[in-house]
Each structure stands twice: as C-alpha cells, then as structure tokens.
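Quick note on labels: first sequence line is chain A, next is B, and so on, each numbered from 1.
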Amino acid sequence: MQDYLKEQIARALKKVAPDLETPEITIEKPRSTEHGDAATNVALTLANVLKENPRSIAQKIADQIDLSTGHIRGVEVAGPGFINFRFAGNWLTDQLVEAHRTGREFGKGRMLEHKKIQVEFVSANPTGPLTVGHGRNAVLGDTIARVLEWAGADVQREYYFNNAGRQMRVLAESVRARYLQAIGQDVVFPEGGYEGAYITEIAERVLEKHGDSLTGEEHLPVFRQAAEESIFEDIRQTLARMNISMDSFFNENTLYEDGSIDKVIATLRDKDLVFEQDGATWFKTTAFGKDKDTVLIKSTGEPTYRLPDIAYHINKLERGFDLALDIFGADHIATYPDVVAAVQACGFDSDRIDVIVYQFVTIVKDGKPFKMSTRKANFVTLDELMDEVGADVTRFFFLMRAPGTHLEFDLNEAKQAGEKNPVFYLQYAHARIQSIMKKVRNHYDFTGKAPDFSLLAHDAETTLIKRILEFPDVILLTAGQREPHKLIQYLNELATAFHKFYHDCRILGEDEQLALARTELLTVTATVMANGLGILGISVPDRM
RNA sequence: GCGCCCGUAGCUCAGCUGGAUAGAGCGUCUGACUUCGGAUCAGAAGGCCGGGGGUUCGAGUCCUCCCGGGCGUACCA
C-alpha cells in the first residue's frame with residue numbers, strides 16, 4: 001500500500017511540477033485517526049524549493065490523485081500542508097482475509113531471511129545464582145532472539161563463560177573454607193570470598209560425597225569443579241524457568257587451547273599495535289583515539305578479560321555469523337571500542353558485530369535503592385523474584401521499558417503486583433476471547449462457512465482490524481530496533497481495541513453472517529495476541 | 001577532568017528517528033450494559049518536555065552551553 005501511494009504521489013507531482021526531480025516521498029501513519037490512514041509531508045518539504053505556500057502545493061497534488069482505482073477513499077489537505085489519505089474499506093477486508101488465512105504464521109517476515117545471527121547473552125560466570133540484575137540481560141537477549149527469528153533470521157543463543165579466572169579461584173577457596181569449617185577446623189574465611197549460603201551447601205555436598213579427607217591445598221580443583229557444576233545447574237534451571245534455553249555454552253578456555261589468544265597477540269604485534277612495558281603486554285589503544293593504552297597481559301602473565309574478548313569475537317565471525325549481537329550492561333560498554341578496533345586490525349569486518357547496551361536496574365526495596373553484590377551475598381535472586389510474582393510478570397517487567405533507560409524495579413510493588421499487573425491486561429484479552437468462542441460454538445454452527453469481513457463496518461471493528469494489520473510491521477520495527485518494549489506497547493493497543501470492540505459489538509444474538517464475521521475477527525485477534533506474547537516468552541492462557 | 005547513557009503528568013515510562021492538539025499505566029475524582037468474563041469500558045483533573053541559546057516552514061526529537069543523576073575512565077570481571 002505504501003508503494004502504491006508513493007507511486008500515486010510521484011505521478012501527481014510530475015503534473016504539478018514537471019521540471020522537478022522526484023524527491024524522496026515519505027509516508028507515515030498519522031497519530032490521530034482523524035487524519036486518515038496515511039499521510040505525506042512532501043508539500044512541506046517542497047515549499048522551499050518551489051517557493052510556494054505548502055498548502056497550495058498540497059492542494060495541487062491532492063487534486064491530481066487518481067481515485068478511480070478504488071483503493072483510496074479520500075484525499076484531503078490538512079494542517080500546514082499534509083496530504084491525508086483514507087483507505088477504502090475493501091482494502092482493509094482484503095488484508096484481513098489474508099491475515100485470517102495465514103493464521104499462526106501471521107506476522108512472520110522475511111526481512112532477515114538467510115541471515116545467521118548469534119545473540120550472546122547472560123554470560124554470567126558461575127560464581128553464584130542469577131540475580132535480578134542478570135534478569136534484564138537474560139530476558140532482553142532471549143526476546144530479541146525470538147523477534148529476530150520472527151523476522152526470518154536463523155538465530156543461535158550463546159552463553160559465554162570463564163571457569164578459570166581469579167573469580168573462580170576465590171570461589172573455590174570460599175567453598176574449601178566452608179568445608180574445613182564443617183569438619184571442625186578453625187580457618188579464616190578468605191578475604192573478599194563469596195559469603196552466600198549456597199557456598200556452604202556446596203561444601204556440605206562435597207563432604208557427603210568425598211568424606212573429610214580433602215584438607216590439603218592440592219584438593220582445591222575438586223571444590224572448584226563442584227562449585228561450578230552446582231552453580232551452573234542452578235543457572236540452567238533458573239533460565240529454563242524463565243522460558244530461556246541456550247543453544248550453546250562457550251568456554252573462554254577453548255580460546256587458549258586452540259591458540260587463538262596467541263594468534264591475536266601475534267597479529268596485533270605485526271601491525272605494531274602491541275608493545276611491552278613494565279612487564280606487561282599492552283594494546284596501543286591510543287592509536288584509536290583513547291586517552292590511555294590498555295593492558296592485555298598483566299605482569300603476572302595473566303591476561304585481562306579484554307584479550308579473550310577480542311579472540312572470542314573473532315571466533316564468532318569465523319563461525320560465519322552475519323551478525324554477532326552482544327547484550328551488555330552499561331558497565332561493560334568501555335571494552336566494546338577496544339574489541340571493535342582489535343577485530344578490525346586483525347582484518348575482520350567489525351560491522352558484523354553489534355552491541356545492545358542496557359542501563360542498570362535499580363532495585364528499590366522498602367523505598368530505598370538496594371545495592372547488590374554477589375560476593376557479599378546481599379542480592380535478590382531471579383528465583384526469589386519468580387517465587388513472588390511468577391515468570392510471566394518477571395519477563396514482562398524487564399521488557400516494558402526501552403533498554404537504554406534506567407529501569408527502576410520496585411520489589412515491594414512487583415511482589416504485590418498480583419492482579420494489577422499490566423501483563424494480565426494482555427492475557428485477559430486472550431482468555432476472554434477463548435471464553436466467548438466457547439459460548440459461540442454452542443449457539444451457532446459455522447462449519448464449512450466462510451466469513452464475509454465486509455460486514456464489519458463499526459468503528460470499533462475497523463479500529464481493531466487496523467491494529468491487527470499493523471502486526472507484521474511491528475515485528476520488523478521491533479527486530480530492527482531490537483527494542484521489545486515496542487511490541488509490548490503494540491499489544492497493549494491491540495488489547496485496548498479488542499476490549500473496546502467487546503463493549504460495543506456483540507456476537508451472541510446477532511444474525512449468523514455478522515456473528516460469523518465477528519467470531520473470525522476475534523480468532524485473528526487471539527492469534528496475534530498469542531503470537532505477540534509468544535515472542536515475549538510469556539504464557540498465553542485460555543482461562544485465568 | 002574526559003567518554004557513554006538518562007532527565008517528559010504526583011509516580012513509573014512511551015513518543016514510530018524532524019511533523020498536525022505531547023500519550024499510556026499506576027494513583028486521584030466521576031460515571032457504565034438486569035444477556036458473550038467488571039482483571040473491562042467511558043470521562044475528568046494533572047505539563048515552561050531540566051534550563052538558556054541556535055538550526056528551519058516546523059524541535060520533546062538535531063547542534064551548542066549550563067544544571068542534575070547513573071555508568072565507565074584498573075596490570076578487577
């Protein structure tokens with residue numbers, strides 16, 4: 001329809017101003033329905049060039065629009081010089097028939113067809129349970145992956161982790177200390193160790209399984225491995241509970257084993273971007289405009305996290321992804337330019353790497369900001385949150401707001417959200433439709449009959465139809481921007497249009513033809529709602 | 001100090017990438033079918049879009065300078 005309009009406008013423009021080169025014509029959907037179904041601002045943009053009043057240009061163009069094809073019902077000039085179009089009713093019903101026929105697949109796009117995309121998210125090291133802080137990352141990553149799939153992409157979900165660094169050593173020492181305490185030894189708990197209760201539980205399980213003989217330093221790996229396995233199992237379960245399942249887990253260690261780390265250093269050294277100083281190996285980031293150079297390998301011989309990060313991203317590109325998406329918290333953003341610069345220097349196309357940065361979640365508890373620390377064990381786990389409000393509300397809460405804005409998560413409010421939560425508004429619409437359907441089936445027999453959507457002329461009906469037809473565009477917008485809250489906003493509008501329809505239009509008691517058309521309108525509505533909630537990873541109840 | 005993000009209704013946030021009278025939810029106030037689920041619907045109140053300057057037909061949106069908050073700016077991840 002957009003293309004059709006553009007063509008019409010371009011043709012009209014030729015008659016109005018034959019000498020003018022056809023400009024870019026943009027079509028937009030007016031905010032208010034009073035302004036029709038589509039509008040263009042060409043007259044405004046041309047006012048300067050043509051040295052003429054925008055309204056009079058608009059009027060001349062409008063006069064030249066061909067209405068005889070039947071797609072357009074009305075053209076009018078409004079405001080400072082907008083040209084508004086109204087679609088003919090048959091165009092809407094044609095589209096609705098198509099949507100109805102497509103059913104469960106309605107909304108799937110082909111924008112990203114044949115694109116291999118990797119979304120890397122969560123990527124928390126196995127040092128403790130996932131917290132509310134990780135929640136936003138996890139839910140954003142998974143939902144973006146889902147919407148990319150709906151836009152046609154072939155998506156892989158990957159979890160990147162490191163089980164060999166300093167953090168993990170401290171973790172193992174913490175477990176060991178708890179173990180020694182459990183068998184009655186008087187040991188000092190390591191400075192900066194992990195204090196959570198789960199550490200003690202892991203220590204107790206080691207004691208049960210291996211007895212009390214693991215007192216020596218040399219047994220540290222046993223504690224490390226026990227902790228890793230146990231914590232990873234918890235993380236996996238938490239993710240599953242949130243409706244998230246990873247396609248692969250990538251261990252940072254493989255980058256050392258397969259030599260990619262050394263290769264990165266060697267390549268950068270060839271380009272004269274690496275040098276030694278004070279016993280450390282540096283990356284010359286000042287060459288890319290940064291204030292300081294960056295350490296890649298510490299004087300202790302231990303690499304900083306940037307080095308494997310670089311190797312990891314090269315690895316992703318070598319695996320053939322058209323796009324590698326990272327979901328990063330605001331605190332990680334500083335490394336991104338380094339990684340891009342290094343990847344580029346190594347001869348790879350860094351345009352294939354993109355980062356979604358989300359701002360931090362501020363936990364508010366009892367009206368005060370709550371500072372979390374995994375090490376200090378004062379945190380709220382995702383499991384605890386889901387115990388309180390359920391997985392659906394948890395996902396919804398993290399998706400409601402644009403990733404780039406700070407998200408305030410009021411625990412008290414979320415916990416008592418119960419019936420008032422906005423997610424129920426969407427689920428209720430779906431459940432209500434199912435309930436209507438059940439009643440309808442008892443009153444009418446529609447078998448073998450096709451609906452005539454042209455009977456749907458009520459305001460509430462056309463509004464609902466227009467909303468439904470927006471769905472495929474919303475998918476593409478959400479996928480393109482990678483901002484799931486846009487889908488939520490849309491589903492809210494869809495639900496509102498449905499509830500309005502429910503109040504204004506009835507099915508039971510209406511003549512069979514109209515009842516059939518309305519019933520099938522609701523079928524499509526329910527499908528779109530189900531598809532949308534599915535992308536958000538939220539359940540779609542038939543009853544509530 | 002420098003870099004990135006943010007500042008919109010009492011609160012939490014949208015605002016389709018520069019368009020028409022700036023929207024929604026919660027909260028407050030007033031109303032609604034004796035038949036399909038009232039977890040709903042209709043309406044009211046509530047705003048110098050942090051502030052100043054600039055760009056143009058047109059700015060919440062772009063440029064610039066202030067103010068205020070968050071995160072970076074580690075041989076921590």
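Residue contacts for A:M400: at a heavy-atom cut-off of 4.0 Å it reaches no nucleic acid atom on any strand shown. Among the protein residues, A:Q481 comes within range of the nucleic acid bases, having at least one heavy atom under 4.0 Å from a base atom. No engagement by A:A429 is indicated, since no non-hydrogen atom pair under 4.0 Å with the nucleic acid exists. Among the atoms of the strands shown, base atoms are found under 4.0 Å from some heavy atom of A:S435. Across all strands, A:H35 comes closer than 4.0 Å to base atoms (heavy-atom distances). Counting non-hydrogen atoms under 4.0 angstrom, A:R166 reaches the backbone sugars and phosphates but no base.
Within the structure, salt bridge (charged side-chain N to carboxylate O under 4.0 Å, His left out) contacts touching residues 158-173 of chain A (residues at least two apart or in different chains) are A:E158-A:R319.
As rounded to whole Å, 4 Å separates atom C1' of B:U40 from atom NE2 of A:H503. Distance, A:Q489 CD to B:G15 C1': 7 Å, rounded to whole Å. With rounding to whole Å, A:F501 atom CZ is found 10 Å from B:C36 atom C1'. The nearest whole Å value for the distance from the CD1 atom in A:I507 to the C1' atom in B:G37 is 14 Å. For the pair A:L522 CG and B:G37 P, the interatomic distance rounds to 12 Å; values are reported in whole Å. Straight-line distance from the CZ atom of A:R432 to the P atom of B:U35: 13 Å, rounded to whole Å. Rounded to an integer number of Å, the gap from A:I327 CD1 to B:C5 P is 17 Å. The distance between atom OH of A:Y502 and atom P of B:C36, rounded to the nearest whole Å, is 5 Å.
Side chains of A:Q427 and A:D392: a donor on one and an acceptor on the other come within 3.5 Å. No side-chain N or O of A:R269 forms a donor-acceptor pair with one of A:T281 less than 3.5 Å apart. Side-chain contact of A:Y425 with A:N492: a donor-acceptor pair under 3.5 Å is absent, judged by distance alone.
The base-pairing partner of B:A22, taking Watson-Crick or G-U wobble contacts with both distances under 3.5 Å, does not exist among the strands shown. As the counterpart of B:G72, B:C2 is assigned, both hydrogen-bonding distances of the Watson-Crick or G-U wobble pattern falling under 3.5 Å. The base-pairing partner of B:G7, taking Watson-Crick or G-U wobble contacts with both distances under 3.5 Å, is B:C67. In this structure, B:A42 and B:U30 make a Watson-Crick or G-U wobble pair, each of the two defining distances being under 3.5 angstrom.
Judged as a salt bridge (charged side-chain N to carboxylate O under 4.0 Å, His left out), and not counting sequence neighbours, the contacts of A:D338 are A:K290, A:R306.
A donor and an acceptor atom sit less than 3.5 Å apart, one in the side chain of A:N84 and one in the base of B:A20. Put simply, the side chain of A:Y428 and the base of B:A39 share no donor and acceptor less than 3.5 Å apart.
Contact between the side-chain N/O atoms of A:K290 and the OP1/OP2 oxygens of B:C2 is not found at any separation under 4.0 Å. The side chain of A:K500 places no N or O atom within less than 4.0 Å of a non-bridging phosphate oxygen (OP1 or OP2) of B:A32. In this model, the phosphate group of B:G37 is approached by a side-chain N or O of A:K439 to a distance below 4.0 Å at OP1 or OP2.
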- Could you go through the side chain to side chain donor-acceptor pair (under 3.5 Å) check for A:T294 and A:T285 one step at a time? CA-CA 6 Å; A:T294 310; A:T285 38; 2.9 Å; yes

- Message: Is there a side chain to side chain donor-acceptor pair (under 3.5 Å) between A:Q167 and A:N162? Walk through the geometry before answering.
- Response: CA-CA 9 Å; A:Q167 277 183 42; A:N162 157 17; over 6 Å; no

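With distances taken from any side-chain atom of A:D291 to the nucleotides B:C13, B:U35, B:G1, the minimum falls on B:G1. Here the side chain of A:W282 is nearest to one of B:C75, B:C6, B:A20, namely B:C75. The side chain of A:T304 lies closest to B:A77, out of B:G37, B:A77, B:C2. Listed nucleotides: B:C16, B:A20, B:C57. Nearest to the side chain of A:F82: B:A20. Nearest to the side chain of A:N125, among B:C16, B:G38, B:A77, sits B:A77. Listed nucleotides B:C71, B:C36, B:U73 differ in distance to A:K292; the shortest reach to its side chain belongs to B:U73. Side chain of A:F424, nearest nucleotide from B:A39, B:G19, B:C41: B:A39. For A:A280, taking side-chain heavy atoms from C-beta onward, the closest of the listed nucleotides B:A77, B:U40, B:C75 is B:C75.
For the segment residues 328-337 of chain A, residues with any heavy atom less than 4.0 angstrom from an atom of RNA chain B are, sorted by number, A:A330, A:D331, A:H332, A:A334.
Residues A:N84 and A:V77 fail the side-chain proximity criterion, which asks for heavy atoms closer than 4.5 Å.
Screening A:F121, A:Y305, A:F232 for a ring pair (Phe, Tyr, Trp, His ring centres under 6.0 Å) with A:F161, the sole residue that qualifies is A:F232.
Checked for salt-bridge contact, A:D326 and A:K316 meet the test: a charged N lies under 4.0 Å from a carboxylate O.
Where A:F360 and A:K298 each meet RNA chain B at their nearest nucleotide, the meeting point lying more 5' is that of A:F360. The residue among A:L407 and A:S299 whose nearest nucleotide of RNA chain B is located toward the 5' end is A:L407.
Only the P atoms considered, B:U21 is 41 Å distant from B:U34, to the nearest whole Å. Between B:G68 and B:A22, the two P atoms lie 31 Å apart (nearest whole Å).
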Any N/O pairs under 3.5 Å between the protein and nucleotides 58-61 of chain B? List them or say none.
none

Just the atom pairs and distances: protein N or O near nucleotides 67-69 of chain B's N or O, under 3.5 Å.
from, atom 1, to, atom 2, distance (Å)
B:G69, N2, A:H406, NE2, 3.3

Ignoring hydrogens and angles, write down the donor-acceptor pairs under 3.5 Å from the side chains of residues 467-479 of chain A, residues two or more places apart or on other chains.
from, atom 1, to, atom 2, distance (Å)
A:R467, NH1, A:E470, OE1, 3.2
A:R467, NH1, A:E470, OE2, 3.1
A:E470, OE2, A:K29, NZ, 3.4
A:T478, OG1, A:V474, O, 2.7

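A:Y336 has its ring centre no less than 6.0 Å from the ring centre of A:F328.
Between A:F446 and A:Y444, the two ring planes are parallel [angle under 30°; tilted spans 30° to 60°].
Shown here for A:M168 and A:T127, the closest heavy-atom pair between the two residues is SD-CG2, 3.9 Å.
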